[in-house]
Amino acid sequence: QVQLVESGGGLVQPGGSLRLSCAVSGSIYRLNAMGWYRRAPGKERELVATITMSDSTNYADAVKGRFTISRDNAKNTVYLQMNSLKPEDTAIYYCNARYLYSDATLYEYWGQGTQVTVTS
């Protein structure tokens, strides 16, 4: 029912920029929040940034001041603008959509992941 389609990953030099996009297809009636997570080789998945329907944002300390999460409600799309990229940002980035249903149950959906590689 719900699918998340990601794009925008790639290979960049340190200090470069990328913008990731995640478009939601399917129902968005109960969409509560969206976010980006990443998984680096040998490490667990970690939070990068989230944004709620009220536009409240949350960022991991490691990306504060460099990454910006935003959304375009008309396009059902969330973005992650990544500036001043560092080699340690290299990871697979996953889009996440969180739904809150009428029984107050939270459901999460995930994109397929997009590779971001920052090489020096």
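Sequential numbering from 1 along the given sequence is applied to the chain's residues. Please read all numbers here as calculations on a predicted model, not as lab measurements.
Here the side chain of T90 pairs a donor or acceptor atom with the backbone of V118 at under 3.5 angstrom. Side-chain N or O atoms of Y79 include none that pairs as donor or acceptor with a backbone N or O of T68 at under 3.5 Å.
Between the OG1 atom of T114 and the OH atom of Y94 there is a distance of 10.0 Å, given to the nearest 0.5 Å. For the atom pair CE (M53) and CG (N73), the distance works out to 4.5 Å, reported to the nearest 0.5 Å. Taking CG of L100 as the reference point, atom CZ of R98 lies at 8.5 Å (rounded to 0.5 Å). With values rounded to the nearest 0.5 angstrom, D61 atom CG is found 10.0 Å from L47 atom CG. In this structure, CG on L18 lies 9.5 Å from CG on N83, to the nearest 0.5 angstrom. Distance check: Y59 OH to K64 NZ gives 10.5 Å after rounding to the nearest 0.5 Å.
The same ILVMFWY cluster, assembled from side-chain heavy atoms under 4.5 Å apart, contains both I51 and V2. Neither Y37 nor V24 shares a network with the other; the hydrophobic side chains, linked directly or stepwise wherever heavy atoms of I, L, V, M, F, W or Y lie under 4.5 Å apart, form separate groups for each.
Using a 4.5 Å heavy-atom threshold, the side chains of R71 and D55 count as touching. Put simply, the side chain of L31 reaches to within 4.5 Å of the side chain of Y99, judged on heavy atoms. Annotation: side chain of L80 is not in contact with side chain of R38 (no heavy-atom distance under 4.5 Å).
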Show your working on side chain to side chain contact (heavy atoms under 4.5 Å, CB included) between T50 and M34 and close with a plain yes or no. CA-CA 6 Å; T50 60; M34 297 187 69; over 6 Å; no

Given side chain to side chain contact (heavy atoms under 4.5 Å, CB included), test W36 with C95 step by step and report yes or no. CA-CA 5 Å; W36 291 94; C95 182; 3.9 Å; yes

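A ring-centre distance under 6.0 Å is found for Y107 and Y101.
In terms of heavy atoms, S70 sits closest to V78 at O-CG2, 3.1 Å. Nearest heavy atoms, S84 versus R66: O-NH1, 3.0 Å.
Under the side chain to side chain contact (heavy atoms under 4.5 Å, CB included) rule, M82 has a single partner from L20, V63, V12, which is L20.
The neighbour count for Q3 CD, taken as heavy atoms of other residues, nucleotides or ligands under 6.0 Å away, does not exceed 12.
With 3.5 Å as the limit, one finds a donor-acceptor pair spanning the side chains of T52 and S54.
Between F67 and Y93, the two ring planes are tilted [angle within 30° to 60°].
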